[in-house]
Engineer: 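Just dropping this structure here.
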There are 2 protein chains.
Amino acid sequence: MPRKKASPKRRSRCPLNASVEILGDRWSLLIIRDMMLRGFRTYKEFLDSYEGIATNILADRLRKLIAHGIITTQRNPSDGRKVIYSLTPKGIDLAPVLTEMVLWAAAHEDTGNQALVRQIQQDKEKFLNAAWQRWAEANRALRQP
Amino acid sequence: MPRKKASPKRRSRCPLNASVEILGDRWSLLIIRDMMLRGFRTYKEFLDSYEGIATNILADRLRKLIAHGIITTQRNPSDGRKVIYSLTPKGIDLAPVLTEMVLWAAAHEDTGNQALVRQIQQDKEKFLNAAWQRWAEANRALRQP
DNA sequence: ATTTTCGCTTGCATTTTGCAAGTAACATTG
DNA sequence: CAATGTTACTTGCAAAATGCAAGCGAAAAT
């Protein structure tokens with residue numbers, strides 16, 4: 001399968017612009033944060049997350065993230081109501097972006113979650129490896145239920 | 001002076017959320033890119049940038065970036081019409097964020113500007129240092145006109 | 001003196017977002 | 001097995017953000 005899709009009518013071919021068009025809104029990266037750092041995988045978990053996304057916006061963002069190949073879905077075989085969302089390789093590759101955004105805000109804004117911030121500051125590589133390993137492990141568990 | 005401002009009514013205290021609230025739209029990071037990588041400093045330059053921002057949106061984003069302490073303005077003494085925008089230290093500190101967003105899109109989307117991308121891939125630190133040095137030099141020139 | 005340039009503002013249509021109230025499919029409970 | 005609860009959504013509508021075109025005042029160029 002092809003690794004990169006031809007981009008449908010972008011404003012420009014600048015890679016930063018591509019990122020901004022895909023991720024530049026007030027919710028997408030928070031959903032990805034919840035999946036990557038908090039292990040959230042269901043609609044209800046995202047909906048109940050602290051920032052309070054509206055249900056129609058959540059449905060829309062999940063649809064777009066799927067369309068962009070950042071997340072995928074599968075049904076939970078033991079509970080037919082539940083849909084399990086998970087990050088694709090393209091999705092977990094956003095870890096460095098999230099990491100730098102956390103560091104920037106922690107350095108220049110009044111924010112919380114200092115435990116996470118210090119962990120990243122102390123050893124960024126270790127933090128990124130850990131995130132990747134959690135992702136790999138969760139995927140393994142999903143394939144062998 | 002205080003390094004961090006108390007944040008007015010954020011959705012949450014998560015540092016990623018702070019970044020998203022400040023930068024999470026379709027234009028802010030492109031303006032910062034134009035300043036950081038292309039050396040743009042005037043309203044007209046931003047307006048004429050390839051993606052085609054609308055003039056009212058540009059004025060609004062510049063106002064917000066100033067309010068967040070990411071850019072500052074000064075009048076051009078040799079041409080009283082021109083306003084010179086430049087990145088603050090908080091603004092140039094966004095370089096790692098932009099860098100990772102460029103790398104992610106270059107890896108997973110069909111994008112251009114491969115010269116820039118390869119430069120970053122080959123030596124990220126060197127690229128970041130160069131960006132910082134260009135910024136320091138431009139600031140020096142501005143103070144001694 | 002007139003025209004052009006620059007950095008905006010204003011008005012208005014379109015799009016996106018947010019809120020509240022459904023709903024269909026499945027699972028649990030009595 | 002019927003009633004109730006859960007889950008993942010959709011729908012309708014108001015409010016806010018965005019985009020487009022036109023205009024405008026101050027300064028500079030001609």
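Lettering follows sequence order; numbering is per chain, from 1. Just the heavy atoms: all of them, side chains too, but no hydrogens, waters or symmetry mates, feed the values below. Quick caveat: nothing in here was measured; it's all calculated off a predicted structure.
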Engineer: Given D:dT10, is OP1 or OP2 found less than 4.0 Å from the side-chain N or O atoms of A:R63?
Structural biologist: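 Yes, A:R63 has a side-chain N/O under 4.0 Å of OP1/OP2 on D:dT10.
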Engineer: Of all the nucleotides listed (C:dG18, D:dA8, D:dG19), which has the minimum atom distance to the side chain of A:K82?
Structural biologist: D:dA8
Engineer: Does the side chain of B:R81 get closer than 4.0 angstrom to OP1 or OP2 of C:dC8 through an N or O atom?
Structural biologist: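 The answer is no; no side-chain N or O of B:R81 sits under 4.0 Å from OP1 or OP2.
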Engineer: Take atom NZ of A:K64 and atom C1' of C:dT16, then tell me their distance rounded to the nearest Å.
Structural biologist: 8 Å
Engineer: Can B:E51 and B:R33 be counted as an ion pair, charged N to O under 4.0 angstrom?
Structural biologist: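 Salt bridge present between B:E51 and B:R33.
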Engineer: Here's a test for you: under side-chain contact (heavy atoms from CB on, under 4.5 Å), which of B:I66, B:T88, B:L87 qualifies with B:T72?
Structural biologist: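 Single pass found, and it is B:T88.
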Engineer: Could you state the atom-to-atom distance from CG of A:L58 to P of C:dT16 in whole Å?
Structural biologist: 18 Å
Engineer: For A:R61, report the nucleic acid contact type (base, sugar-phosphate, nothing); a contact means any heavy atom under 4.0 Å.
Structural biologist: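 If one applies the 4.0 Å heavy-atom cut-off, A:R61 turns out to touch the sugar-phosphate alone, with no base involved.
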Engineer: Check every strand shown and say whether B:R75 touches a base, only sugar-phosphate, or nothing at a heavy-atom separation below 4.0 Å.
Structural biologist: nothing
Engineer: May I ask you to test the A:Y85-A:I31 pair for a side-chain heavy-atom distance under 4.5 Å?
Structural biologist: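 When only atoms from C-beta onward are counted, A:I31 and A:Y85 do not touch, as no gap falls below 4.5 Å.
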Engineer: Counting only distance, no hydrogens or angles, is the base of C:dC26 paired donor-acceptor with the side chain of A:D79 under 3.5 Å?
Structural biologist: no
Engineer: If only side-chain N and O atoms of B:W27 are considered, is one of them under 4.0 Å from the OP1 or OP2 phosphate oxygen of D:dG19?
Structural biologist: yes
Engineer: From CD1 of A:I84 over to C1' of D:dT6, roughly how many Å is that when rounded to an integer?
Structural biologist: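 It is 16 Å, rounded to the nearest whole Å.
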Engineer: Round to a whole Å and report the spacing from CD of A:E21 to P of C:dT15.
Structural biologist: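 Rounding to the nearest Å, CD of A:E21 and P of C:dT15 are 17 Å apart.
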Engineer: Between atom CZ in B:F40 and atom P in C:dG7, what is the gap in whole Å?
Structural biologist: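 These atoms are roughly 13 Å apart.
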Engineer: NA contact type, B:D60, heavy-atom cut-off 4.0 Å: base, sugar-phosphate, or nothing?
Structural biologist: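 Result for B:D60 = nothing.
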Engineer: Out of D:dT7, C:dT9, D:dC20, which has the shortest distance to the side chain of B:N56?
Structural biologist: D:dC20
Engineer: List the atom of B:R10, the atom of B:A18, and the distance in Å for their closest heavy-atom pair.
Structural biologist: NH1-CB, 3.5 Å
Engineer: Take A:R11 and A:K44, find for each the nucleotide of DNA chain D with the closest heavy atom, and name the residue whose nucleotide sits nearer the 5' end.
Structural biologist: A:K44
Engineer: Which whole-number value in Å describes the distance from A:D25 CG to D:dA17 C1'?
Structural biologist: 13 Å
Engineer: How about B:E21 and B:N17: does a side-chain donor come under 3.5 Å of a side-chain acceptor?
Structural biologist: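 There is such a pair between these side chains.
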Engineer: Looking at every non-hydrogen atom in both residues, tell me the closest pair between B:Y43 and B:L58 and how far apart they are.
Structural biologist: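 B:Y43 and B:L58 have their closest heavy atoms at O-CD2, 3.6 Å.
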Engineer: Please give, in whole Å, the distance from D:dA22 C1' to B:L47 CG?
Structural biologist: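 Atom CG in B:L47 sits about 14 Å away from atom C1' in D:dA22.
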Engineer: Select one nucleotide: of C:dT9, D:dG19, C:dC19, the one nearest the side-chain heavy atoms of B:T55.
Structural biologist: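 Nearest listed nucleotide: C:dT9.
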Engineer: Would you mind telling me which of D:dC9, C:dG18, D:dG19 lies closest to the side-chain atoms of A:Y85?
Structural biologist: D:dC9
Engineer: Given atom CG of B:L62 and atom C1' of C:dG7, what is their separation to the nearest angstrom?
Structural biologist: 10 Å
Engineer: Identify, between A:S78 and A:I57, the residue whose nearest nucleotide on DNA chain C lies closer to the 5' end.
Structural biologist: A:I57
